[in-house]
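Input: a single structure, listed below in structure tokens.
These numbers come from a predicted model, not from an experiment. Sequence lines set the chain letters: A, B, ... in the order given, protein chains first and strands last, and positions in each chain run from 1.
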Number of protein chains: 2
Amino acid sequence: MYYPMQEKLKEHITKLVPFSNEEFGFLLSHFEHKKYKKNDFIIKEGKDVNNCYYVISGLLKLVFNDANGKQHIVSFAMEDWWESDFFAYFNQTKAKMSLQCIEDTEVYSISLKNYNKLSLEMPKMERFFLKKSHSGHIASQNRILSFLTSNAKERYLQLLQQQPLLFQRVPKTLLAAYLGVSRETLSRLSS
Amino acid sequence: MYYPMQEKLKEHITKLVPFSNEEFGFLLSHFEHKKYKKNDFIIKEGKDVNNCYYVISGLLKLVFNDANGKQHIVSFAMEDWWESDFFAYFNQTKAKMSLQCIEDTEVYSISLKNYNKLSLEMPKMERFFLKKSHSGHIASQNRILSFLTSNAKERYLQLLQQQPLLFQRVPKTLLAAYLGVSRETLSRLSS
DNA sequence: TCGCATTTGTGATGTTTGTCACGCATTTTT
DNA sequence: AAAAATGCGTGACAAACATCACAAATGCGA
């Protein structure tokens, strides 16, 4: 029997760190497969964050809601991304952000307990997590740099170039909340 | 004989992951101790990035210089911070940023070769690097959030609250380059 | 298919921030 | 000690961006 979801994760992981089929079967047993519908909350602000998520398919937004009711999008999590409210996850505190489905989404989830267990049992898996964390950190730094060096129009053009698919999949309002400009300004930039 | 610098690193590491004196001696042998003077470049844009640095004492800035000759400060690295141009370091490419001393600075440096060697030889050390990388990633996300949710004055006040020491140690011009505002605007905010 | 919510564009206006210019104090260099 | 560079504040003006208001278009559920 063929499991395309498993193959996706397997390729994703072994691209960075090689694993045999047996090893992969073992590490997979630490994950749970879950499906969510559009608009479902995977993580809700104020609640516990028990899991970290690998996106098999679909699209998520990691959102911070400020005191004025405005939403700010820290990241979009697409296919092959790992996402969570990492601070709350690793420190076992309540979520300050929400993780919500923009589209129907399939994920593998791993609890912190299993994350730690797996890291201890399989040093190669800890190596994988380390590499992923490095790229996440680097990606965040690049986003910081775009705020420092670029104005709204330039950030808009950079995103259009780097993630053209996003413009077909999410409403402009959300892109504005990601770019840090108002909806109206974004609308004027794109015309 | 007493080595205060070694003690600093030892405490810094064992706070997250415990090591015996023997183990620490072994891991320390993978590092080099170096001293730099104010204004020295530790990493220079366009050059190779052979090392990652732990700051024993002093103060560094991680800077990106844009096409217009403006400098943008990605981060200040103080005592107990780890810093490098991580993209260039892990991918063995030329530096896109510079790491320069704001004050006379002492560091421990580790080459990528030794970083990988150490990670393989001591799983606990890989665990330490993983935890450090997580906190770096989380810190970057918080910085992104401050750009999304706050205007110049609010970001200025947040920095003042979170890093009050910085205001005594670095010129306002650099703080402005970190906050993403012009020197003049920052000057008006603080008066 | 109808009705309603969501999405998007656009004008008018005000606020925030950047840029250029200047003066003066402080620090560094020679 | 003189000269040069750096740091810092401030005025005047321009550019970027937010906000409020409204209308048209689109999508989606009953």
Side-chain angles (χ1 to χ4, degrees), chain A residues 37-40 58-59 61 63-73 76 100-104 144-160 164-191, chain B residues 36-41 59 61 63-73 76 98 100-104 144-160 164-191:
Chain A
K37 291 282 176 193
K38 180 171 175 175
N39 292 328
D40 281 358
L59 183 57
K61 58 176 182 180
V63 172
F64 176 78
N65 294 293
D66 71 15
N68 306 318
K70 272 197 212 162
Q71 71 170 331
H72 305 278
I73 296 186
F76 292 109
Q100 191 178 10
C101 299
I102 296 176
E103 304 172 354
D104 290 0
I144 290 171
L145 260 180
S146 83
F147 279 111
L148 289 174
T149 62
S150 310
N151 61 21
K153 174 131 208 175
E154 290 163 340
R155 293 202 302 279
Y156 161 77
L157 290 173
Q158 287 163 20
L159 184 64
L160 188 59
L165 300 174
L166 224 46
F167 285 74
Q168 300 152 16
R169 290 172 77 175
V170 316
K172 302 282 173 69
T173 310
L174 294 188
L175 293 180
Y178 177 85
L179 289 168
V181 291
S182 69
R183 184 189 67 76
E184 295 90 336
T185 297
L186 180 62
S187 171
R188 284 183 253 263
L189 290 177
S190 45
S191 63
Chain B
Y36 296 92
K37 291 278 176 196
K38 180 173 175 174
N39 292 328
D40 282 357
F41 283 91
L59 183 57
K61 59 176 180 180
V63 172
F64 175 79
N65 293 292
D66 71 18
N68 306 319
K70 272 196 211 164
Q71 72 170 332
H72 305 277
I73 298 187
F76 292 111
S98 295
Q100 192 178 9
C101 298
I102 296 175
E103 303 171 357
D104 290 1
I144 290 171
L145 260 181
S146 84
F147 279 110
L148 289 175
T149 62
S150 310
N151 61 21
K153 173 130 210 177
E154 290 163 341
R155 294 203 301 279
Y156 161 77
L157 290 173
Q158 286 162 22
L159 183 63
L160 189 58
L165 299 174
L166 225 45
F167 285 73
Q168 301 155 14
R169 292 171 75 175
V170 317
K172 301 284 173 68
T173 309
L174 294 188
L175 292 180
Y178 176 86
L179 288 169
V181 291
S182 69
R183 184 189 67 76
E184 294 91 335
T185 297
L186 179 63
S187 171
R188 284 183 250 265
L189 290 178
S190 44
S191 62

**Study point:** CG on A/L179 to CD1 on A/I73, rounded to 0.5 Å
**Key:** 9.5 Å
Whole Å only: how far is the [atom1] atom of [X] from the [atom2] atom of [N]?
| X | N | atom1 | atom2 | result |
| --- | --- | --- | --- | --- |
| A/L175 | C/dT6 | CG | P | 18 Å |
| B/K38 | C/dT29 | NZ | C1' | 13 Å |
| A/F147 | C/dT17 | CZ | P | 15 Å |
| B/E154 | C/dT15 | CD | P | 17 Å |
| A/Y156 | C/dG9 | OH | C1' | 13 Å |
| B/F167 | D/dG7 | CZ | P | 16 Å |
| B/E103 | C/dT27 | CD | C1' | 16 Å |
| B/L179 | C/dT17 | CG | C1' | 14 Å |

Point to revise | Test item: A/S190 side-chain N/O and A/S187 main-chain N/O as donor-acceptor pair under 3.5 Å | key: yes
Practice item. Please list all pairs passing the salt bridge (Lys or Arg N to Asp or Glu O under 4.0 Å) test where one or both residues lie in residues 179-189 of chain A, with sequence neighbours left out. Key: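 Sorted pair list comes back empty.
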Exercise for review: Using a 4.0 Å cut-off on protein heavy atoms (strictly under), produce a 5'-to-3' string for nucleotides 9-19 of chain D with B for base contact, S for backbone-only sugar-phosphate contact, and - for none.
Suggested key: BBBB----SBB
Point to revise | Check: B/Y178 and B/L166 side chains under 4.5 Å, non-hydrogen atoms | key: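 Sidechains of B/Y178 and B/L166: no contact.
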Point to revise | For B/F41, all residues meeting side-chain contact (heavy atoms from CB on, under 4.5 Å), sequence neighbours excluded | key: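 In terms of side-chain contact (heavy atoms from CB on, under 4.5 Å), with neighbours along the sequence ignored, B/F41 is linked to B/K44, B/S98, B/Q100.
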**Study point:** Least distance between heavy atoms, B/I102 atom then B/K61 atom
**Key:** CD1-CB, 3.7 Å
